[in-house]
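Heads up: the structure comes next, in structure tokens.
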Amino acid sequence: MKVLVTGGTGYIGSHTCIQLIKQGHTPVVIDNLCNSKEMVLDRIEQVTGARPAFMQGDIRDSAFLKKVFAEYSIDSVIHFAGLKAVGESVEKPLKYYDNNVSGTLNLVREMQAANVKSLIFSSSATVYGDPASVPIKEDFPTSATNPYGRSKLMVEECLQDFHHANPDWSITLLRYFNPVGAHESGLLGEDPQGTPNNLLPFVAQVAVGRREKLGVFGNDYPTPDGTGVRDYIHVVDLADGHLAALDKMAHQPGTHIFNLGTGQGNSVLEMVHAFEAAAKRSIPYEIKPRRAGDIAECYADPAYAKATLGWTATRDLQTMVKDTWRWQSKNPNGYWD
Ligand code: NAD
Ligand code: WQD
């Protein structure tokens with residue numbers, strides 16, 4: 001299939017391009033490069049031997065999208081392009097609603113104009129807000145605790161309304177838990193700009209000497225060691241989840257919703273200790289107050305994805321931290337080296 005990958009030079013998009021190529025699909029990448037570098041395409045080519053077609057541009061730019069759909073005969077769209085920094089979204093909510101919500105509406109409008117009716121959307125476990133219990137199933141109530149989360153929830157709701165009016169479309173909403181890890185080659189990985197918001201990139205930058213120590217946000221949660229528990233999933237497993245969704249759902253009309261997680265919860269300190277073992281060095285940390293908006297525990301019930309897509313995450317915690325460390329130690333400054 002010829003698959004338009006929006007945000008395809010980003011962290012999850014680039015790993016998905018690799019899996020698409022490996023399975024015989026043809027990705028066409030669009031990205032405005034606001035949070036990634038074109039060099040990622042070189043790395044994809046190094047790994048797969050194939051360089052995806054690339055057009056630089058913004059999903060909010062209708063003329064640009066018209067050109068993309070006119071140039072390539074697209075079968076299906078995997079839509080990663082978006083902004084994802086929770087803290088920034090609180091400071092600049094309009095930026096997030098414009099990019100994530102208006103951008104997606106514009107994309108869908110241009111898909112409709114081009115008669116492309118198959119969409120996979122990057123949603124997030126953040127749409128479950130503070131869940132009443134874990135593991136989390138797809139039919140749990142949804143809510144948002146910040147503008148980023150609300151932008152994902154709004155898009156989910158807009159797409160469901162859109163599907164109601166356009167029942168021949170296939171729309172798949174994939175709710176990712178906590179993506180971590182890197183490609184096993186060490187050539188691709190997560191490359192946050194500025195201070196990392198997420199745990200594992202921060203730990204990796206401490207390990208490589210770019211930062212002095214990790215702040216652990218709270219050790220008084222009702223969890224076994226008091227630190228927050230999350231469902232960390234290897235980015236290549238996550239990418240494979242998109243491939244499974246493409247195979248099974250892309251031509252099945254409906255709105256399909258799946259959790260992409262492992263079903264396993266790990267605490268902050270478990271992650272730190274696993275990373276120390278992989279990197280063979282200690283990670284200095286200090287306990288800090290809880291971070292506003294954080295919840296104690298969040299992990300998936302991935303049974304529906306397994307039953308319906310035949311997909312399950314296979315890479316364990318050791319592989320996640322080992323691959324993160326290989327990427328970080330080979331590329332101490334990410335793609336900027
Ligand atoms: P990323 O920032 O690495 O990738 C997103 C890409 O989209 C970047 O390359 C960026 O340049 C591009 N982009 C942003 N706005 C654009 C626009 N208007 N037009 C064109 N390109 C644009 O992020 P990621 O971690 O790969 O996340 C991909 C998607 O998955 C995002 O939608 C994110 O919200 C969602 N998601 C991520 C996580 C996570 O923890 N990484 C968790 C759940 C959901
Ligand atoms: C994980 C755990 C922190 C950093 C976020 C978004 C979510 C989704 C994934 C996009 C928590 C603790 C973290 C640090 C720490 N993104 N922590 N010190 O908050 O589960 O989810 O990314 O959709 O929407 O909210 O991930 O990696 O930030 O935090 O102690 O420096 O690590 O308190 O318990 P989170 P995270």
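By convention here, the first residue in the shown sequence is residue 1. Keep in mind that the numbers below use all heavy atoms, side chains included, and drop hydrogens, waters and symmetry copies. All ligand and atom numbering here is 1-based and tracks the order in the structure.
Looking at Thr145, Val203, Val268, it is Val268 that brings a heavy atom closest to atom 32 (O) of ligand 2. With atom 20 (C) of ligand 1 as the reference point, the heavy atom nearest to it among Asn178, Thr126, Asn35, Asn32 is part of Asn32. The heavy atom nearest to atom 4 (C) of ligand 2, out of those in Tyr285, Phe202, Phe217, is found in Phe217. Nearest to atom 34 (O) of ligand 2 by heavy-atom distance, out of Arg230, Glu297, Lys152, Arg175, is Arg230.
Using a 4.0 Å cut-off between heavy atoms, Leu33 contacts ligand 1 through its backbone alone, with no side-chain atom that close. Looking at Val229 against ligand 2, nothing comes within 4.0 Å, counting heavy atoms. If you look at Tyr176 next to ligand 2, there are no close heavy atoms at all, none under 4.0 Å. Residue-level proximity to ligand 2 for Asn178 is carried by the side chain, the only part with a heavy atom below 4.0 angstrom.
For ligand 2, the polar-atom distance check against Val216 finds no nitrogen or oxygen pair separated by under 3.5 Å. For ligand 1, the polar-atom distance check against Tyr11 finds a nitrogen or oxygen pair separated by under 3.5 Å. Residue contacts with ligand 1: Glu190 is placed with no nitrogen or oxygen under 3.5 Å of a nitrogen or oxygen of the ligand (distance criterion only). Looking at ligand 1, you'll find an N or O of Cys34 within less than 3.5 Å of one of its N or O atoms. Distances between N or O atoms of Gly7 and those of ligand 1 include no value under 3.5 Å. Checked by distance only, ligand 1 and Tyr176 stay at 3.5 Å or farther apart across all their nitrogen or oxygen atoms. Taking only nitrogen or oxygen atoms, main chain and side chain alike, Pro179 does not reach within less than 3.5 Å of ligand 1. In terms of polar-atom proximity, Asn99 is counted as a contact of ligand 1, with an N or O under 3.5 Å from an N or O of the ligand. Backbone and side-chain nitrogen or oxygen atoms of Ile12 are examined, and one is located within less than 3.5 angstrom of a nitrogen or oxygen of ligand 1. Considering both main-chain and side-chain atoms, Ser124 never comes within under 3.5 Å of ligand 1 through any nitrogen or oxygen pair. Residue Leu199 has at least one nitrogen or oxygen atom sitting less than 3.5 Å from a nitrogen or oxygen atom of ligand 2, judged on distance alone.
Taking CD of Glu157 as the start and CG of Leu173 as the end, the distance is 10.5 Å to the nearest 0.5 Å. Separation of atoms OH (Tyr148) and CG (Asn100) is listed at 7.0 Å; rounding is to 0.5 Å. Within the model, atoms CZ of Arg43 and CD of Glu38 stand 13.5 Å from one another, a figure rounded to the nearest 0.5 Å. Distance NE2/His79 to CD1/Ile171: 11.5 Å, rounded to 0.5 Å.
When only non-hydrogen protein atoms are considered, atom 25 (O) of ligand 1 lies nearest to Lys84 NZ, 2.7 Å. Distance from atom 5 (C) of ligand 2 to its nearest protein heavy atom, with residue and atom name: Asn198 ND2, 3.6 Å. Among all protein heavy atoms, the one lying closest to atom 18 (N) of ligand 2 is Gly215 O, 2.8 Å. The nearest heavy-atom contact from the protein to atom 12 (C) of ligand 1 is Asp31 OD1, 3.2 Å.
Contact between Lys152 and ligand 1 is present, with at least one heavy atom of the residue lying under 4.0 Å from the ligand. Heavy atoms of Gly103 stay at 4.0 angstrom or farther from ligand 1. Between Ala125 and ligand 1 there is no heavy-atom distance shorter than 4.0 Å. For Tyr221, the closest heavy-atom approach to ligand 2 does not fall below 4.0 Å. The shortest heavy-atom distance from Ser123 to ligand 1 is under 4.0 Å. For the ligand labelled ligand 2, residue Arg291 lies inside the 4.0 Å heavy-atom shell.
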Pair Gln112-Trp169, side-chain contact (heavy atoms from CB on, under 4.5 Å): steps then yes or no: CA-CA 10 Å; Gln112 197 172 28; Trp169 275 54; 4.1 Å; yes

Stepwise salt bridge (Lys or Arg N to Asp or Glu O under 4.0 Å) check, Arg175 with Glu156: CA-CA 10 Å; Arg175 294 176 175 162; Glu156 283 204 0; 2.7 Å; yes

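The atoms of ligand 1 that sit less than 4.0 Å from any heavy atom of Ser122 are 29 (C), 30 (O), 32 (O), 35 (C). Near Gly57, with a cut-off below 4.0 Å to any heavy atom, the atoms of ligand 1 are 19 (N), 20 (C). Heavy-atom contacts of Ser36 reach the following atoms of ligand 1: 8 (C), 9 (O), 11 (O) (cutoff under 4.0 Å). Of all atoms in ligand 1, listed by their number and element, those nearer than 4.0 Å to a heavy atom of Tyr148 are 33 (C), 34 (O), 35 (C), 36 (N), 44 (C).
Between the side chain of His256 and the backbone N or O of Gln252 there is at least one donor-acceptor pair closer than 3.5 Å. Of the possible donor and acceptor atoms, none in the side chain of Lys322 sits under 3.5 Å from a partner among the backbone N and O of Glu184. Tyr232 contributes no side-chain N or O that, together with a main-chain N or O of Phe177, makes up a donor-acceptor pair within less than 3.5 Å. Of the possible polar contacts, one joining the Glu276 side chain to the Ile283 backbone as a donor-acceptor pair under 3.5 Å is found.
Both tests hold for Arg211 against Phe202: distance to the six-membered ring centre under 6.0 Å, angle to the ring axis within 45°. Geometrically, Lys37 engages Trp336 in a cation-pi contact defined by less than 6.0 Å to the ring centre and at most 45° from the axis. Seen from the ring of Tyr221, Arg290 counts as a face-on cation partner, given the 6.0 Å and 45° thresholds.
Between Lys137 and Asp139, no side-chain nitrogen of the basic residue sits less than 4.0 Å from a carboxylate oxygen of the acidic one, so the salt-bridge criterion is not met.
Asn331 and Arg326 share no donor-acceptor pair across their side chains, judged by distance under 3.5 Å alone. Side chain to side chain, Asn259 and Tyr128 meet the donor-acceptor criterion of an N or O pair below 3.5 Å. Side chain to side chain, Asp323 and His183 fail the donor-acceptor criterion of an N or O pair below 3.5 Å.
Between Tyr304 and Phe258, the ring-plane angle classifies as parallel under the 30° and 60° cut-offs. Ring geometry, His273 versus Tyr285: the interplanar angle exceeds 60°, so the pair is classed perpendicular (tilted spans 30 to 60°).
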